[in-house]
Q: 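I am attaching a structure below and will ask some questions about it afterwards.
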Amino acid sequence: MIVLQILASGILLGGIYALISVGLNLIFGVIKIVNMAHGEFLMIGMYAAYFIYTATQINVGLISIIIFPLMMVLGYIIYRLVIKPLLGTAETETNTILATSGLTFVLQNLALMLWTADYRAIKTPTSSQSFSLGKIMLSVDRTYAFLICLVLVIVLYYILMRTRFGAKVRAVSQDKNAAILMGINVNFIYALTFCVGIALVGVAGAIITPIFSVYPSVGVFFGTASFIVVVLGGLGSFTGALLGGLIIGLVETAAGVLASAELAQVFSLLLFLLVLFVKPQGLLGKNARV
Amino acid sequence: MKKITSILLSVALVLSLAACGGDSKDSSGDAASSGAEAETSGEINVYVGVEEPLTGANASLGTAEYNAIELCVEMLNEKGGVLGQYPITYETVDTQSDAATGASEVERLITTKGVPVVIGSYGSGIAAAVSEVCERYDTLLWEQSGAADTLLQNGYEWTFRTESMASLWGATSVDYIVDQADYVKEVLGKDIPELKVAIIHEDGSYGTAVGQGNHAAAEKIGMDIVAYEAYSSSTLDLSSVIMKLIAAEPDILLLTGYVNDGSLFLKQSQELGFKVPILITHSGGHSVQAFVDAIGDQVNYLLTVDPVACNPKLDSFDPELQETFKEFEKRWTEKYGVKPAHHVEMRAFAQSYLFFTEVAPKAIEEGGAFTAETCRDAILSLELDASKNLMGSDVKYSTPDEPFIDPTLGGTHVGQNIYAGAFINQYFDGELYCVWPEKYGQKEGVLFLPSSSTLSAGVVD
């Protein structure tokens, strides 16, 4: 029985890990930049969800639909001001890492000034609620997060692999110069990808707000977790990120029960190091890049 | 465009870093003269450094402590300051919730501003780093909330702590249950040694010390310890711990954590269907408003152990102190729109007030100056009864010659208030009230989780 509960809890935790990593992965997969401020965009999504829920008490799913375009606008502003000027420079990767690292300080301190350091939490009708599947107990909010993650991965996969627009995005991802020669508007693809990536992390923030408190530095924990998940699964691979999230979730839960909760993260990080040692590009990094 | 963006980014970075690190301010609004200058001129200048985490993970509670110190100084300065004639000025640094930053910022305060006394630190990790710096520069650290036992075990001579250490909080929760032994027998049909106890704590220095206190006290009276588990407070999932608890079926759960992990534990316990007859938490994140906001009504009847009695009976304090207590509550409520949380704000206020009304006057009267040395001498000769200390304990500090031997874990501590106690508080309608010991108890405690609680095992209505 406990094995099934470990599996269920581990999968749901993995769903959260994967959900918060989707946007990071999309941006890296297409634009090839590592967004170090990923966790801070998640924090902004959480604050947005907190304020909208407090004012309206509407469903978190609806809130995430409202947040998506708002975060796209924010993403576009950041893209124009911070990312675009650095694309095409001699050291694009280093410059964007430095710039987005700086952005983490800016966004954290901006949040501190605007919303103070107080911890904030929302209590929705589904908070702390669960349902049973046989003798297994499943958290409503975590199941919801897992399903949203699955839907996002499937939709993104479909758009990228089965649509003409997706083919353009893949072309830009694979060879930017060849894509330009084929008449693809690379700048548009870059801008749109960045905006959607930021919007996705905003949605992730909204979905997890009923589970976790929000405060200015909350993104640090989630940002670190996201990087581990996407590197484990393979930078740029959606299915890899989902797989990475699930593996980390399952290992942490199983290690927590069978060994010690204190060592749970040690086990997942050991596995992470092992995978990097054997397959540095991540589990699905080579084959499934967009 | 690239140039403009680069300039904008640079400015933003510089501004944000400046916001993180260099937040120094003087209570009077004027440029503070340094302690060194004051010493040279021979005038008495009550000038201290305040170090708190105003940004970073602990910013919420650090800011609350800072605001309490600020209000304390404001109230005293309205009456002329220390002894009614020496206004208090202070310089503030932001430790950014980081021990290394705290140490370097305090070092800067000491070497460039010449502060003789430092007040802080919120977290035990920061307190340990700052304590080492203060020891190196013979500067007094008046520690108000670094509760880890290890803080005063280095034999340092310049760090003093008025409140009790974390292991005592752990022992106090067991003492409270023992005090209720007859009632426990009546409800559960078990004598104390037959009780199954689970101890769960975050794995930082604070949680570990409380857990050790729980464990030592439970073991001493022969309780059956069915789970003793630590977890990382940054975890996103505690289901593994809760699954173990469900299997262990404890009669008592002793829990120690911070706001996020504490609320996550209770949420996931409810989701996974964990039930327990008695649940006692230990200060930290369990006694603050953010915790109440995070779990809502589920907070009611939760017991916490704190180093201060929340909403205590006031009649055991000196009449003047009773008025001070009420005045602080009134002014805080007016200033911030909410009542002060006793575990954080009142605790910081109480200890700052003790320093400026007992230690500083004694230092000036007996030593003729406000320096680290005169303050230290004043502290070492200070003896007060509990009626003069808003923390609710008698006051006398251990010295290198007469260190305090902790009765729970047997550690040796220098600079500890040897009479510091811990108090059982309980949530009623979202607010904490002291329930034990009876001297300070405003309300009668509810030991077993009532059926209205989501974690109730249903042993009482």
Side-chain angles (χ1 to χ4, degrees), chain A residues 2 5-6 9-10 12-13 16-17 80-82 84-86 89 99 102-103 105-110 112-113 116-121 123 127-130 132 137-142 211-213 215-218 220-222 224-225 249 252-258 260-262 264-265, chain B residues 1-6 8-10 12-13 15-17 19-20 53-63 97 200 203 229-232 234-241 243-244 246-247 259-260 263-264 266-273 285 288-291 293-298 454:
Chain A
I2 198 161
Q5 186 65 58
I6 290 172
S9 296
L12 294 187
L13 175 62
I16 289 177
Y17 280 138
R80 289 296 305 207
L81 289 178
V82 181
K84 192 167 184 296
L86 301 174
T89 54
L103 200 56
F105 290 106
V106 175
L107 293 176
Q108 271 186 35
N109 283 285
L110 204 59
L112 193 64
M113 281 195 294
T116 75
D118 291 346
Y119 291 79
R120 295 162 197 259
K123 198 159 167 60
S127 288
S128 307
Q129 298 302 308
S130 58
S132 59
M137 301 300 287
L138 296 172
S139 154
V140 173
D141 286 336
R142 284 173 187 253
I211 307 172
F212 305 105
S213 299
Y215 49 97
S217 57
V218 70
V220 176
F221 296 119
F222 288 106
T224 310
E252 282 190 7
T253 309
V257 175
L258 303 174
S260 154
E262 197 177 13
Q265 286 171 331
Chain B
M1 182 64 193
K2 278 179 192 170
K3 213 170 194 175
I4 293 169
T5 308
S6 306
L8 279 173
L9 260 180
S10 307
L13 263 173
L15 282 176
S16 77
L17 288 172
C20 290
L54 303 176
T55 56
N58 298 324
S60 176
L61 300 177
T63 306
S97 308
I200 305 294
D203 64 2
E229 183 96 10
Y231 64 84
S232 164
S234 63
T235 186
L236 301 181
D237 183 74
L238 284 164
S239 60
S240 59
V241 176
M243 279 186 245
K244 282 182 181 173
I246 291 171
V259 174
N260 283 333
S263 55
L264 183 65
L266 292 185
K267 284 178 183 175
Q268 289 201 281
S269 291
Q270 191 182 340
E271 288 167 1
L272 293 172
V288 297
Q289 188 57 40
F291 179 70
D293 294 341
I295 65 168
D297 292 342
Q298 205 180 335
T454 51

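What you see is a predicted model, and the numbers here were worked out from it, not measured in a lab. Side-chain atoms are counted along with the backbone in the values below, which use heavy atoms only and exclude waters and symmetry mates. Lettering follows sequence order; numbering is per chain, from 1.
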Q: Counting heavy-atom pairs under 4.5 Å to chain A, which of B:Ile295, B:Asn58, B:Val288, B:Leu61 comes out on top?
A: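 Heavy-atom pair counts peak at B:Ile295.
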Q: In terms of heavy-atom proximity below 4.5 Å to chain B, should A:Thr253 be classed as side chain, backbone, both, or neither?
A: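 Backbone plus side chain of A:Thr253, per the 4.5 Å heavy-atom cut-off to chain B.
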Q: Please examine the side chains of A:Tyr119 and B:Asn260, heavy atoms only from C-beta on, and report whether any two atoms are closer than 4.5 Å.
A: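 Yes, their side chains come closer than 4.5 Å.
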Q: Apply salt bridge (charged side-chain N to carboxylate O under 4.0 Å, His left out) to A:Asp141 and list each qualifying residue two or more places apart in sequence or on a separate chain.
A: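 For A:Asp141, no residue satisfies salt bridge (charged side-chain N to carboxylate O under 4.0 Å, His left out) once neighbours in sequence are set aside.
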Q: So, taking the atom named NZ in A:Lys123 and the one named CG in B:Asp293, what distance separates them when rounded to the nearest 0.5 Å?
A: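 The CG atom of B:Asp293 is 11.5 Å from NZ of A:Lys123, to the nearest 0.5 Å.
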Q: In terms of heavy-atom proximity below 4.5 Å to chain B, should A:Ile6 be classed as side chain, backbone, both, or neither?
A: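 It is both, since atoms from each part get that close.
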Q: Testing A:Ser127, A:Ser139, A:Ser130, A:Ser9 one by one against B:Glu271 for a side-chain hydrogen bond (donor to acceptor under 3.5 Å, both in side chains), which residue passes?
A: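 Result for side-chain hydrogen bond (donor to acceptor under 3.5 Å, both in side chains) with B:Glu271: A:Ser139.
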Q: Which of the residues A:Leu138, A:Thr116, A:Leu110, A:Ile211 is involved in the greatest number of heavy-atom pairs with chain B at under 4.5 angstrom?
A: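 Ranked by contacts with chain B, first place is A:Ile211.
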Q: Taking only residues two or more places apart in sequence, or in another chain, which ones meet A:Glu262 in a salt bridge (charged side-chain N to carboxylate O under 4.0 Å, His left out)?
A: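 Per chain and number, A:Glu262 pairs via salt bridge (charged side-chain N to carboxylate O under 4.0 Å, His left out) with no residue.
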Q: Report which part of A:Gln5 has an atom under 4.5 Å of a heavy atom belonging to chain B: side chain, backbone, both, or neither.
A: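 For A:Gln5, backbone and side chain are both near chain B.
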Q: Distance from A:Ile16 atom CD1 to B:Asp237 atom CG, nearest 0.5 Å?
A: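 Interatomic distance, A:Ile16 CD1 to B:Asp237 CG, rounded to 0.5 Å: 7.5 Å.
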Q: Below 4.5 Å, heavy-atom pairs only: which of B:Gly296, B:Ala57, B:Gly273, B:Ala294 has the largest tally toward chain A?
A: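 If we count pairs closer than 4.5 Å to chain A, B:Ala57 comes out on top.
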Q: Quick check: closest heavy atoms across A:Ser128 and B:Lys267, and the distance to 0.1 Å?
A: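 Heavy atoms only, the tightest pair is OG-CG, 3.3 Å.
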Q: Restricting to non-hydrogen atoms, name the atom on B:Glu229 and the atom on A:Gly256 that form the minimum distance, rounded to 0.1 Å.
A: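 Smallest interatomic distance, heavy atoms only, reads OE2-O, 4.0 Å.
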Q: Minimum heavy-atom separation for B:Leu264 to A:Arg142, with atom names?
A: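 For B:Leu264 and A:Arg142, the tightest heavy-atom pair comes out as CD1-NH2, 3.4 Å.
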Q: Using 0.5 Å steps for rounding, measure from the CD atom of A:Gln265 to the CG atom of B:Leu236.
A: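 Taking CD in A:Gln265 and CG in B:Leu236, the distance rounds to 7.5 Å.
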Q: Taking all non-hydrogen atoms of both residues into account, name the closest pair between B:Leu54 and A:Leu112 and its distance.
A: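 Smallest heavy-atom distance, with atoms named: O-CD2, 3.7 Å.
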Q: Looking at B:Leu266, B:Leu272, B:Val241, which one has more heavy-atom pairs under 4.5 Å with chain A than the rest?
A: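 Looking at each of B:Leu266, B:Leu272, B:Val241 in turn, B:Leu272 comes out on top.
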Q: Between B:Gln289 and chain A, which part of the residue has a heavy atom less than 4.5 Å away: side chain, backbone, both or neither?
A: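 Looking at B:Gln289, nothing touches chain A.
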Q: Looking only at heavy atoms, which two atoms of B:Gly56 and A:Ser217 are closest? And how far apart?
A: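 Taking every non-hydrogen atom into account, C-OG, 3.6 Å.
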Q: How close do B:Ala230 and A:Ser260 get, counting heavy atoms only, and between which atoms?
A: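 What the structure gives for the nearest pair is O-OG, 4.3 Å.
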